[in-house]
Engineer: 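What follows is a single structure, and I will ask about it in a moment.
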Amino acid sequence: MELYLPTPVEFPAFPYDPPYDIQTSLMRHLYESIEQRKVTIVESPTGTGKTLSLLCASLTWLADEKERARKGKMKEAVGANGTGAKDWVIEQTLARVRRELEANDREYEERLAQARKREEIMRRAAKGKATKRQKLTHHAGVKDKPKEEDDDDDQFLPETDQAPDEGEMHISPALRALMAKVDKSSMSGSRHLDGEEEITCTKIYYASRTHSQLAQVLPESSKLKLRAKVSITNYHPSPQQTVPQKRSLNSEPDDEDECGIVPSAPVTRAISLGSRKQLCINDQLRAKTRDLDEACRELLGEKEGKRCQYLPPIGEEDKMLDFRDQILASPKDIEDLATAGRLAHTCPYFGSRRAIPQAELVTLPYNLLLQKSAREALGINLKDQIVLIDEAHNLIPTLLSLSTAILPYSTLVTSFQQVCIYVSRFKTRLSAVNMLHLKRLVVFLDALKKYVGEWKDTRAKEKEKTEIMTVAQLTERMGRKVSGINLLEIESYLKRSKVARKIAGYSEKQAEKESDPTTKRQLRRGVIPPLRIVEDFMLSLTNMNTDGRVTFTLVSIPGKDDTVELKYQLLNPSPHFMEVVEEARSVVLAGGTMSPVSDVINQLFSSLPLEKITSFSCGHIIPEDNLQTLVVGKGPTGGELEFKSDKQGDSIVIAQLGQVLLNFASIVPAGMIIFFPSYKFLNTAKSVWVSSGTLAKFATKKEVFFEPEESSQVEHVLQEYGVAATKPMEGKKGGAMLFAVIGAKLSEGLNFADDLARGVVIVGLPFANLGSPELRERMKYVKRLEEQRGPMPKEKGQKDAAAELYENMCMNAVNQSIGRAIRHRNDWASLLLLDRRYGTASIRNKLPKWIGGKVVITEGFGQTVKEMGAFFRNKRP
């Protein structure tokens with residue numbers, strides 16, 4: 001059997017013939033990387049068909065992998081070479097295996113076809129009349145029920161100490177598991193659920209940062225011309241006639257069904273995963289809850305009759321499995337899933353989870369892929385799967401932020417009090433194991449509370465209100481009793497026993513008893529238990545001592561006593577991501593601008609062998625003369641342009657910047673976007689320009705717009721800017737200027753194509769504030785790592801690891817703003833970098849590769865104006 005899949009020369013599935021050369025090169029690179037089980041970093045600028053190329057290459061490999069698996073089954077059926085067997089024996093064996101494979105495929109396709117029919121019938125019914133809202137019964141899962149007068153507190157015992165239901169035998173966990181398995185296989189008549197659940201396949205996990213970015217994936221995948229069925233080739237040819245296909249008794253694939261519906265079959269089984277926030281269809285729960293995840297978990301823990309109305313009763317899984325088939329039968333984005341769930345009156349959040357094993361393409365946001373707890377909750381197994389992360393320039397900050405845990409002192413105190421009351425009340429009813437874990441928890445909480453209290457009293461007298469320490473230093477300061485406690489054991493116990501919710505529930509019950517009896521208890525479903533927040537902080541303390549830091553900050557609240565905020569910050573993004581890399585077959589990091597790639601490798605893959613890492617950078621599909629890139633280091637008066645933080649309040653510097661932009665506004669047609677390094681600098685400049693009249697001069701050239709600080713106003717501003725930018729010239733006035741901030745609301749994910757951005761101006765360099773304690777710690781950390789690794793060869797002009805990290809963070813933000821300029825093959829724009837520092841080799845080398853050698857460093861402002869004038873004259877119709 002041929003084990004290795006050769007890289008295709010062409011990709012027939014690509015919808016546009018022929019693809020651009022860079023698209024073919026990208027697809028070949030990606031296919032080869034997946035086959036060779038490598039990690040690859042791909043840079044493909046916007047407008048080059050990146051999403052389509054990624055999907056085409058990965059799904060082509062997936063189709064070829066399925067073919068390879070079928071070949072393997074055929075070969076296995078007759079032995080490695082069919083040695084010693086008669087030709088007719090080999091042919092009959094192959095015919096039998098072929099029939100079985102075809103029958104399995106046909107049966108599965110028929111099941112999905114039936115699901116498509118059911119969905120179409122539901123949609124037609126919904127169009128004809130408003131969907132009848134199911135009458136809320138006793139199991140709606142939201143309204144408080146008349147409570148039985150029962151002082152029994154069994155409901156608050158840990159899961160491991162729950163009393164058995166009346167009449168239930170005391171049986172061992174092993175026997176209980178065996179009984180559950182037997183029950184599962186025998187329920188629902190002839191529907192063998194255990195057999196169905198074993199149907200799994202190799203799949204592609206396609207992750208991006210937001211659902212709006214993921215919403216583009218399924219429409220792109222539907223454009224691909226993938227083969228509807230994988231052919232089964234006979235690799236032992238014989239003159240005998242092949243066995244005809246077996247025909248299903250009740251299937252007429254070419255005919256309409258009784259409703260006149262001919263459902264079309266998608267080639268790729270695709271699903272979208274989202275959070276409860278996007279997918280929950282229990283409107284009453286959504287309206288009355290503070291935390292939807294926690295509220296849903298509470299409902300899952302309810303006994304029969306109080307569960308959510310959109311979940312089938314325990315033991316009646318047919319409805320959920322039908323909905324699973326419906327999800328797989330036709331691709332659905334998040335909105336489609338929620339709509340389908342309402343039509344089927346079945347939870348789309350859990351329905352999509354049930355569809356994961358049989359899906360071939362799974363789209364999901366970063367956090368569901370990168371957090372181990374989220375993967376476990378969803379049942380995602382990455383073993384030998386393909387992980388494709390788009391918009392991966394956000395990956396490192398996302399990994400760091402997902403591992404940040406914040407614990408307010410007030411929450412710590414509340415949690416300690418609740419645990420103490422709980423242990424006191426249930427000490428005679430808890431098992432020895434539960435008591436042991438809870439006592440250790442009390443010791444930890446008490447020690448942490450006391451130390452934080454002492455730190456607060458001491459720090460109140462000092463000028464510095466923040467202290468950063470390692471986990472080991474914190475543990476040592478908490479005392480000898482804590483140093484012997486295994487936090488992983490406690491965290492595992494809390495997760496297993498679900499005691500955090502039990503403790504919070506009991507505390508709420510006690511508070512209700514002690515409150516004014518005339519005041520009825522208000523529904524508090526969805527409030528996160530205080531111990532759950534402590535649990536997250538405890539889990540973060542189990543990371544390697546060198547990989548993170550704990551920050552104590554004294555927080556002043558007007559009218560209240562000072563309090564303390566505890567924060568765990570991860571410094572090393574690699575360990576959590578390496579869990580993904582080690583499990584998956586291949587990992588692809590893709591983005592429009594991934595430069596500098598060396599930074600990604602150093603931060604995420606330093607422990608991987610270099611031969612396992614590859615990278616690919618596309619050129620742009622636009623002609624070279626469609627992009628102008630100028631480094632503008634001097635203003636109209638000949639003074640150097642350098643917008644360091646200490647100069648950003650200087651009115652003379654700001655006045656010179658105003659003159660530069662006024663000149664640009666006279667030259668750049670249509671829309672011009674100006675990115676500032678911070679809101680503070682932009683607002684200062686705006687104030688100076690209003691006073692000097694420069695802003696009014698801008699308005700004589702173009703309509704002026706500013707990025708709003710409120711997200712709700714962004715859409716309105718963009719619409720008005722779009723109208724103004726594309727408006728025909730009126731005398732000397734034409735187009736619009738939009739002032740925005742690098743790394744803010746308009747610098748990423750928005751499409752400023754054609755006349756919306758004929759000029760993109762970057763003012764200064766957005767270096768982060770070195771006064772930040774967290775940033776300083778991270779820079780110290782990477783410097784220390786570099787020293788531990790020993791001397792490494794450096795490129796000319798390369799700085800130490802800390803300085804490189806600082807510079808790379810800045811340039812990652814700049815590159816995202818630059819990416820707003822060119823959005824398709826026929827687009828054209830001028831990119832103007834206003835700061836002499838852009839001319840230095842270290843900064844210039846960190847610009848996107850697709851800009852390449854096109855950067856021109858002008859010697860004076862006169863040359864800048866001349867270059868711009870020539871560029872735009874050549875572009876005017």
Engineer: Is there a side-chain contact between H393 and N815 in this structure, where contact means two heavy atoms from C-beta onward sitting under 4.5 Å apart?
Structural biologist: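 Sidechains of N815 and H393: no contact.
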Engineer: Once rounded to the nearest 0.5 Å, what's the spacing between atom CG of L343 and atom CZ of F323?
Structural biologist: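 The distance works out to 9.0 Å.
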Engineer: So, S403 side chain and L400 main chain: donor-acceptor pair closer than 3.5 Å or not?
Structural biologist: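 A pair under 3.5 Å: no.
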Engineer: Salt bridge or not for K745 and E710, using N-O below 4.0 Å?
Structural biologist: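 Looking at K745 and E710, the cut-off is not met.
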Engineer: Could I get the full list of salt bridge (charged side-chain N to carboxylate O under 4.0 Å, His left out) partners for K372, not counting sequence neighbours?
Structural biologist: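 Salt bridge (charged side-chain N to carboxylate O under 4.0 Å, His left out) list for K372, sorted by chain: empty.
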Engineer: Are the side chains of L279 and I334 in touch, meaning some heavy atoms are under 4.5 Å apart?
Structural biologist: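 They are in side-chain contact.
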Engineer: Please name all residues satisfying salt bridge (charged side-chain N to carboxylate O under 4.0 Å, His left out) with K223, sequence neighbours left out, ordered by chain then number.
Structural biologist: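 With neighbours one apart ignored, the set is E220.
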Engineer: With side chains defined as the heavy atoms from C-beta onward, is the minimum distance between E43 and F616 less than 4.5 Å?
Structural biologist: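 In short, these two side chains do not touch, never coming nearer than 4.5 Å.
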Engineer: Can you give me the closest heavy-atom contact between I533 and I406, atom names plus distance?
Structural biologist: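 Of all heavy-atom pairs spanning I533 and I406, the closest is CG2-O, 3.7 Å.
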Engineer: Among residues at least two apart in sequence or on other chains, which ones pass salt bridge (charged side-chain N to carboxylate O under 4.0 Å, His left out) with E376?
Structural biologist: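 Once residues adjacent in sequence are excluded, the partners of E376 under the salt bridge (charged side-chain N to carboxylate O under 4.0 Å, His left out) criterion are K495.
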Engineer: Does atom CD of E579 have more than 12 heavy-atom neighbours, drawn from other residues, nucleotides or ligands, at distances under 6.0 Å?
Structural biologist: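 Yes, enclosed.
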Engineer: Okay, side chain of R28, backbone of F11: is any donor-acceptor separation there less than 3.5 Å?
Structural biologist: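 It does not hold such a pair.
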Engineer: Any sub-3.5 Å donor-acceptor pair from S221's side-chain atoms to L218's backbone N or O?
Structural biologist: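 Checking the backbone N and O of L218 against the side chain of S221, a donor-acceptor pair under 3.5 Å is found.
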Engineer: Please work out which of the three classes, parallel, tilted or perpendicular, describes the rings of F577 and F605, given edges at 30° and 60°.
Structural biologist: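 Plane angle between 30° and 60°, so tilted.
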Engineer: For a 4.5 angstrom cut-off between non-hydrogen side-chain atoms, does R342 reach D283?
Structural biologist: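 Yes, their side chains come closer than 4.5 Å.
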Engineer: Listed by chain and number, what are the salt bridge (charged side-chain N to carboxylate O under 4.0 Å, His left out) partners of D754, not counting sequence neighbours?
Structural biologist: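 Salt bridge (charged side-chain N to carboxylate O under 4.0 Å, His left out) list for D754, sorted by chain: empty.
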Engineer: Using modelled atom types only, decide if a donor and an acceptor are shared between the side chain of S272 and the backbone of K332 within a distance under 3.5 Å.
Structural biologist: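 Between the backbone of K332 and the side chain of S272 there is a qualifying donor-acceptor contact (under 3.5 Å).
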Engineer: Checking Q278 now: which residues fulfil side chain to side chain donor-acceptor pair (under 3.5 Å) with it, not counting sequence neighbours?
Structural biologist: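 Q278 satisfies side chain to side chain donor-acceptor pair (under 3.5 Å) with H211, S275 only.
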Engineer: Check whether any side-chain heavy atom of R297 sits under 4.5 Å from a side-chain heavy atom of K498, and report yes or no.
Structural biologist: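 Sidechains of K498 and R297: no contact.
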Engineer: side-chain contact (heavy atoms from CB on, under 4.5 Å), that's the test. Do R269 and K203 meet it? Break it down for me.
Structural biologist: CA-CA 10 Å; R269 298 190 298 275; K203 55 181 83 345; over 6 Å; no
Engineer: Can a donor-acceptor pair be found, under 3.5 Å and without considering hydrogens, that links the side chain of R286 to the backbone of K277?
Structural biologist: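 Between the backbone of K277 and the side chain of R286 there is a qualifying donor-acceptor contact (under 3.5 Å).
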Engineer: For D390, does its backbone N or O pair with a side-chain atom of R209 as donor and acceptor, under 3.5 Å?
Structural biologist: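 Here the side-chain-to-backbone pair does not exist.
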Engineer: Please list every donor-acceptor pair under 3.5 Å in which a side-chain atom of residues 583-591 meets a protein atom from a residue at least two apart or in another chain.
Structural biologist:
unit_1	atom_1	unit_2	atom_2	d
R585	NE	I34	O	2.9
R585	NH2	E35	O	3.0
S586	OG	K38	O	2.7

